[in-house]
Amino acid sequence: MSSNEMPKAYEAKSYEDEIYSAWEQSGFFNPDNLTGEPYSIMMPPPNVTGVLHLGHALENALMDAMVRYQRLCGKKVVLVPGTDHAALPTQAKVEMMLMEAGMKNPRQELGREKLVAKIREFAEASRATILSQIKKMGTSCDWSRLAYTFDDKRNVAVNELFRRMFEDGLIYRGHRVVNWSTKGQSTCSDDEIIYVERPSVLYTFKYSKDFPITIATTRPETKLGDTAVAVHPTDERYQKYIGQTFTVDVGAAKPLLIKVIADEGVDPSFGTGALGVTPAHSPVDFLMYEKQKANGNPIEIIQVIGQDGRMTAEAGSYAGLTVEEARAKFVARLSEQGLLEKEPEEIVQNVGTSDRFKDVIESLPMTQWWLDVQKVIPSRGKSLRDLMREALTTGLDGDITKKVTITPERFTKLYLNRVENLRDWCLSRQTWWGHRIPVWYRGEEMVCGTAPEGEGWEQDPDTLDTWFSSGSWTFSTLGWPEKTKDLQEFHPTNWIQMGSEILYLWLMRMVLMSTYALDEIPFKDAYIHGVLRNEQGKKFSKSDANGIDPLDVIQEYGCDALRLSVLIGTTPGNDARYYKEKVEAGRNFVNKLWNISRFVLSSVDTSLVSSMPAPVTLADKWILARLEFTAGNISKLLEQFDFSLAIEVLREFVWTDFADWYLEISKVQQADASQKESTDKILLYVLKNILVLAHPFMPFVTEVIWREFNEGLLLVGSWPAVSGFANAEAEQQFDGLKELIVGIRNIRSHYKIEPKKLLQIVFVTQESSRTELELYRAIIATLARVEPDFIVATSYEPALADVSSVIRDITVFVKLETIIDPEKEKVQKEKEIAQLRSYIKATQEKLSNQEFLSKAPATIVAGMEQKKREAEEKLALLS
RNA sequence: GGAUGUUUAGCUCAGUUGGUUAGAGCAUCUCGUUUACACCGAGAGGGUCGAGGGUUCGAAUCCCCCAACAUCCACCA
């Protein structure tokens with residue numbers, strides 16, 4: 001296709017697929033075909049639970065902009081793509097789907113093997129969809145290194161990590177209170193609980209008539225398992241009871257022995273100041289239970305709620321009832337026996353619910369696998385918590401080069417605060433989709449790591465929390481535990497981006513795993529982004545049906561437009577809004593670039609493409625200087641991860657400097673045979689560099705234009721280097737010319753002179769400025785639409801119909817056909833004079849302030865003097 | 001209850017270590033079919049930077065306090 005065949009508007013969809021496969025086939029997505037300094041990014045693997053949404057479009061735009069920039073800078077770049085099996089969420093989703101299709105209990109009806117097969121089928125289909133979507137987004141990742149959190153290689157890494165941690169005594173099996181989802185029949189971690197406000201009833205009562213202390217609860221049925229009442233140690237009301245044990249009969253299997261204990265954690269001013277302790281069904285109470293045990297003053301633990309959500313045999317007459325039924329029965333009994341001390345009170349309560357199964361989380365004592373974050377690692381002399389802290393503060397082992405930097409910085413504080421409060425991590429899940437706990441049992445024997453030889457071994461039925469495998473993502477993707485070349489070359493990774501919502505879930509665990517397994521940080525820089533919201537500021541969610549499918553957007557506006565729309569206005573850590581006008585603005589920019597190229601390529605001799613430009617005119621010098629500045633600025637902004645501002649700077653240069661000014665001037669210059677070639681060279685040079693600068697943000701359109709006049713792929717082009725075209729003087733002079741032209745246009749607009757009419761003008765200025773004006777005669781004539789034979793004089797006696805305006809040191813007189821009302825003119829002029837006077841007065845005041853003169857830096861003072869002088873000159877010309 | 005963030009033009013947002021008369025995109029208004037582009041061009045209007053104090057020669061920017069909104073954490077029985 002030659003340039004004059006370039007269609008009038010850029011039609012994204014007719015190029016994108018073809019361009020992507022050209023990139024892919026080139027092999028340059030794979031670092032093995034690149035040279036230079038290694039640079040690596042691991043793609044946060046999307047969950048196979050669904051399809052990609054707008055948030056993924058943002059993530060892909062961010063990552064791809066970064067890797068394309070780095071690749072253009074000549075680095076050996078790899079972006080490793082992948083997907084996440086998302087253990088529990090995926091199983092939950094498939095079970096929901098099966099139940100919607102009529103199945104009552106998928107686990108019972110299908111059994112482990114068949115259900116896992118069903119889930120795998122779903123996951124594989126979803127995975128394929130996701131991978132094709134990533135391609136649609138133009139992401140330049142290395143498909144030969146594609147990873148999956150649940151493939152065999154990652155399983156090897158997971159098992160090895162588990163074994164090492166087990167042998168270091170960090171992973172242990174313990175009987176403790178866990179978060180239990182009855183509906184999901186599994187534990188979940190603290191991070192997977194969502195607190196929902198719900199109405200609840202607070203009951204205030206005594207266990208029995210002769211029990212001396214009143215307590216309150218919203219969960220009366222759990223009181224069947226109470227074994228203590230806790231009060232504040234200094235609470236005078238209850239001093240005398242501390243240490244005593246009371247026997248009460250609440251209808252449980254056995255009478256309860258309630259010991260009155262002292263605990264600092266009890267707030268004496270809240271409620272009755274006494275707390276019924278249910279060690280088996282409350283995490284807080286369980287801690288008290290452990291504390292009492294350690295103190296040598298143990299209390300009992302009685303489990304009255306079972307894994308099926310029904311009351312256990314321990315609950316005596318309540319056994320077999322659901323939690324709700326038991327609650328009603330217990331309250332009825334309290335009422336009958338007159339034990340309620342107050343009317344039940346309706347309150348709003350935060351109830352912990354399962355993120356995935358949506359039911360209320362029960363606290364139950366169970367034997368599970370745990371990761372201890374506080375225990376000292378034998379070979380290291382510090383704990384996982386210490387490692388996690390070091391990595392974000394002093395750098396690992398105090399080595400500042402091994403420090404993770406988070407952008408924006410404020411998330412570091414949140415991270416550290418969380419690290420300090422981290423509790424042991426419950427690793428085991430009772431769901432089936434996921435890495436199985438790598439532990440085998442035979443009678444009393446237990447083996448960890450790999451399946452042992454011999455008969456009769458049985459593997460632990462539980463699976464691992466999905467974040468255990470995600471945590472090792474930065475290095476499991478590179479072949480760990482083998483000592484691969486990739487691992488050596490690309491770890492620690494350079495950069496990662498993620499949403500703020502997974503800072504704790506993922507970032508923290510990657511730091512944990514990487515520092516533990518490799519003694520390395522997982523990445524040097526972490527960029528945290530917010531979520532995309534709709535025009536009303538609401539989060540996009542599937543249930544609200546306000547979700548936008550990025551593929552639809554790509555279909556309608558093109559991938560480049562979508563990328564621009566999610567990147568513009570996105571600042572680190574902050575949420576951003578997304579709406580149609582943004583994509584339209586993106587699409588318009590893409591199309592503008594297309595038409596700029598169309599014009600350049602149809603008006604120049606493209607065989608000059610590889611010649612170095614030699615600036616001749618002021619405009620030439622100016623545009624090259626601006627290009628140099630822009631390129632440096634974009635580099636700087638990208639190094640600071642300021643994507644939005646980088647695009648803004650690019651847009652300003654492309655649209656305003658190049659299209660609105662230089663292109664229009666180039667038409668004048670091209671008409672002059674002596675300047676045609678030099679102008680062509682500059683047009684080509686600037687266009688070429690614009691394509692490189694824009695490529696990270698709008699890869700498709702830039703690549704399409706690139707191949708119109710270049711060999712090879714822009715994908716592996718070179719980022720503009722400093723070329724010595726910086727020219728502050730030319731920039732300043734050109735600004736003067738611009739001001740003059742804008743000033744004349746202003747006069748036309750102000751006096752409503754029709755656009756077609758060429759203005760008759762007299763410029764009055766000092767002798768020294770005359771040659772300059774002569775030099776730009778053609779440009780001024782064309783851009784300001786002025787008769788080319790305008791007069792330049794040192795003095796002039798205006799005619800009655802003339803109007804004038806002062807622009808810098810030049811007074812412009814325009815001849816009008818009708819005489820303008822002089823009174824109106826006078827008013828206008830006086831207004832301008834008044835403004836100048838007040839400005840001069842204000843600057844004068846500052847400049848006569850001794851403190852300002854002595855304390856402000858010299859450049860500020862000089863700048864202000866300069867401004868004042870200019871204002872005074874203008875004032876002189878006006879009056 | 002604790003923490004963090006946000007509050008700047010009609011809307012969405014920038015505003016770099018405090019320093020000229022606070023910017024952009026979109027929207028609005030006026031004009032325009034100049035052969036790159038109406039997904040465009042030229043021009044214009046629009047802000048006492050949430051309120052109140054303070055520091056400073058100088059504050060949108062730093063400090064204090066208040067308010068509204070958002071998010072995260074904890075969760076009180």
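Remember, predicted model here, so these are calculated numbers, not experimental data. Here is the naming used below: chain letters follow the sequence lines, and residue numbers restart at 1 for every chain.
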> Should A/Arg785 be listed as having a side-chain N or O under 4.0 Å from OP1 or OP2 of B/U34?
no

> When you measure from the side chain of A/Tyr504, which nucleotide among B/A42, B/C72, B/U30 comes out closest?
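Selected nucleotide (nearest to the side chain): B/C72.
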
> Ignoring the backbone of A/Val266, work out which of B/A36, B/U4, B/A77 is nearest its side chain.
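Closest nucleotide among those given: B/A77.
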
> Distance check needed: B/U28 P versus A/Glu581 CD, whole Å only.
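Answer to the nearest Å: 10 Å.
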
> Contact class for A/Leu645 vs. all strands (heavy atom < 4.0 Å): base, sugar-phosphate, or nothing?
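Answer is sugar-phosphate: A/Leu645 comes under 4.0 Å of backbone atoms only.
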
> Provide, to the nearest angstrom, the distance between the OH atom belonging to A/Tyr579 and the P atom belonging to B/C13.
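The answer, rounded to whole Å, is 7 Å.
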
> Can you find a side chain N or O atom of A/Trp655 that sits less than 4.0 Å from OP1 or OP2 on B/G41?
yes

> When you get a sec, tell me which of B/C57, B/C76, B/U20 is the closest nucleotide to the side chain of A/Glu851?
B/C57

> Would you check if the distance from the ring center of A/Phe653 to the ring center of A/Phe629 is below 6.0 Å?
no

> When you check the phosphate oxygens OP1 and OP2 of B/A36, does a side-chain N or O of A/Lys667 lie under 4.0 Å from one of them?
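So the side-chain polar atoms of A/Lys667 do come within 4.0 Å of the phosphate oxygens OP1 or OP2 of B/A36, strictly under.
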
> Quick one: A/Met698 CE to B/C39 P, roughly how many Å, whole number?
17 Å

> Is it true that A/Arg808 and A/Glu739 make a salt bridge, defined as a side-chain N closer than 4.0 Å to a carboxylate O?
yes

> Should the heavy atoms of other residues, nucleotides or ligands under 6.0 Å from CD of A/Glu420 be counted, would the total exceed 12?
yes

> Considering only atom C1', compute the distance from B/G25 to B/C31 and round it to an integer number of Å.
22 Å

> Between B/C69 and B/U55, how far apart are the two P atoms, rounded to whole Å?
32 Å

> I'd like to know whether the aromatic ring centres of A/Tyr207 and A/Phe211 sit less than 6.0 Å apart in this structure.
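Yes, ring centres under 6.0 Å apart.
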
> Provide the distance between the two P atoms, one in B/U48 and one in B/G23, to the nearest whole Å.
15 Å

> Counting the atoms with a prime plus P, OP1 and OP2 as sugar-phosphate, which does A/Asn421 contact under 4.0 Å by heavy atoms, base, sugar-phosphate, or nothing?
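A/Asn421: no heavy atom of the nucleic acid under 4.0 Å.
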
> May I ask you to verify whether the side chain of A/Arg598 and the base of B/C37 hold a donor-acceptor pair under 3.5 Å?
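Looking at the base of B/C37, it does not pair with any donor or acceptor on the side chain of A/Arg598 (distance under 3.5 Å).
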
> Base, sugar-phosphate, or nothing for A/Ala659, non-hydrogen atoms under 4.0 angstrom?
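Base, at least one base heavy atom under 4.0 Å.
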
> Using a cut-off of strictly less than 4.0 Å, decide whether A/Gln349 has a side-chain nitrogen or oxygen near OP1 or OP2 of B/C76.
no

> For B/C76 versus B/U71, give the span between their P atoms, rounded off to a whole number of Å.
22 Å

> Less than 4.0 Å between a side-chain N and a carboxylate O, is that true for A/Glu870 and A/Lys874?
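So A/Lys874 does not pair with A/Glu870 through a salt bridge.
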
> Rounded to whole angstrom, note down the P distance from B/A74 over to B/A60.
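After rounding to an integer number of Å, I get 40 Å for this pair.
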
> Categorize A/Asp285 for me: base, sugar-phosphate, or nothing, with a 4.0 angstrom heavy-atom threshold over every strand shown.
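Since no nucleic acid heavy atom lies under 4.0 Å of A/Asp285, the category is nothing.
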
> Classify A/Thr571 by what it touches in the nucleic acid, base, sugar-phosphate, or nothing, heavy-atom distance under 4.0 Å.
sugar-phosphate

> Would you measure the distance from the C1' atom in B/A3 across to the matching atom in B/G47 and give it in whole Å?
32 Å

> Just wondering, more than 12 heavy atoms not from A/Arg423 lying within 6.0 Å of its CZ?
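It does not: A/Arg423 CZ has 12 such atoms or fewer within range.
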
> Side chain of A/Asn591 only, please: which of B/A77, B/U4, B/C39 is the nearest?
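Among the listed nucleotides, the one closest to the side chain of A/Asn591 is B/C39.
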
> Starting at atom CH2 of A/Trp661, determine the distance to atom P of B/A42, rounded to an integer number of angstrom.
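The answer, rounded to whole Å, is 8 Å.
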
> Given B/A36, B/C57, B/A42, identify the nucleotide with an atom nearest to the side chain of A/Arg745.
B/A42

> For A/Ile705 and B/C37, what is the distance between atoms CD1 and C1' respectively, to the nearest whole Å?
12 Å

> Using a heavy-atom cut-off of under 4.0 Å over every strand shown, decide if A/Asp267 touches base, sugar-phosphate, or nothing.
base

> Any idea which heavy atoms bring A/Gln349 and A/Ser200 closest together, and the distance?
OE1-OG, 3.2 Å

> Rounded to the nearest angstrom, tell me the gap between atom CG in A/Leu287 and atom P in B/A74.
14 Å

> With heavy atoms under 4.0 Å as the rule, sort A/Gln536 into base, sugar-phosphate or nothing.
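If one applies the 4.0 Å heavy-atom cut-off, A/Gln536 turns out to touch nothing in the nucleic acid.
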
> What nucleotide among B/G25, B/U21, B/C37 has an atom nearest to a side-chain atom of A/Ala585?
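Of B/G25, B/U21, B/C37, B/G25 is nearest to the side chain of A/Ala585.
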
> Testing A/Asp263, A/Thr227, A/Thr278 one by one against A/Met288 for a side chain to side chain contact (heavy atoms under 4.5 Å, CB included), which residue passes?
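When A/Asp263, A/Thr227, A/Thr278 are each tested with A/Met288, the side chain to side chain contact (heavy atoms under 4.5 Å, CB included) holds only for A/Asp263.
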
> Check this one for me: any side-chain N or O of A/Asn588 less than 4.0 Å away from OP1 or OP2 of B/C40?
yes

> Would you say NZ of A/Lys580 has more than 12 non-hydrogen atoms from neighbouring residues, nucleotides or ligands within 6.0 angstrom?
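Open.
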
> Where does the angle between the aromatic ring planes of A/Tyr527 and A/His529 fall among parallel (under 30°), tilted (30 to 60°) and perpendicular (over 60°)?
tilted

> So what does A/Val742 hit on the nucleic acid, given a heavy-atom distance under 4.0 Å: a base, only sugar-phosphate, or nothing?
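It contacts sugar-phosphate atoms only.
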
> Classify A/Lys756 by what it touches in the nucleic acid, base, sugar-phosphate, or nothing, heavy-atom distance under 4.0 Å.
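Nothing: the residue A/Lys756, judged by heavy atoms under 4.0 Å, touches no strand.
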
> Using the C1' atom in both, what is the distance from B/G1 to B/G18, to the nearest Å?
36 Å

> For A/Ala856, which contact category applies under a 4.0 Å heavy-atom criterion: base, sugar-phosphate, or nothing?
base

> What integer distance in Å separates A/Arg748:CZ from B/A42:P?
13 Å

> With a cut-off of less than 4.0 Å, is there a side-chain N or O of A/Asn746 near OP1 or OP2 of B/A44?
yes

> How would you label the contact of A/Leu663 with the nucleic acid (heavy atoms, under 4.0 Å): base, sugar-phosphate, or nothing?
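Touches a base.
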
> Please tell me which of A/Pro268 and A/His750 maps to the more 5' nucleotide of RNA chain B, matching each residue to the nucleotide holding its nearest heavy atom.
A/His750

> Rounded to the nearest Å, what distance is computed from the CG atom of residue A/Asp642 to the P atom of nucleotide B/A24?
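Roughly 18 Å, once rounded to whole Å.
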
> With a non-hydrogen cut-off below 4.0 angstrom, is A/Arg410 in contact with a base, only sugar-phosphate, or nothing?
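Counting heavy atoms under 4.0 Å across all strands, the contact made by A/Arg410 is with sugar-phosphate only.
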
> Distance check, C1' atoms only: B/A51 and B/A38, in whole angstrom units.
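Per the computed distance, 45 Å lies between those C1' atoms.
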
> May I ask you to say what A/Ser644 touches in the nucleic acid, namely base, sugar-phosphate or nothing, with a heavy-atom cut-off under 4.0 Å?
nothing

> Check every strand shown and say whether A/Arg219 touches a base, only sugar-phosphate, or nothing at a heavy-atom separation below 4.0 Å.
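Answer is nothing: A/Arg219 stays at 4.0 Å or more from every strand.
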
> Please tell me which of the listed nucleotides, B/A77, B/U20, B/C73, lies nearest to the side chain of A/Thr218?
B/A77

> Among the nucleotides B/C39, B/C57, B/A77, which one has an atom lying closest to any side-chain atom of A/Ala9?
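Out of B/C39, B/C57, B/A77, the nucleotide with an atom closest to A/Ala9's side chain is B/C39.
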
> For the side chain of A/Asn350, starting at C-beta, report the closest nucleotide among B/C75, B/G25, B/G32.
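Closest nucleotide among those given: B/C75.
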
> Let's see if you can work this out: which of B/A24, B/A74, B/A77 has an atom nearest to the side-chain heavy atoms of A/Glu648?
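Out of B/A24, B/A74, B/A77, the nucleotide with an atom closest to A/Glu648's side chain is B/A24.
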
> Are any of A/Asn417's side-chain N or O atoms less than 4.0 Å away from OP1 or OP2 of B/U4?
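No, no such contact exists.
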
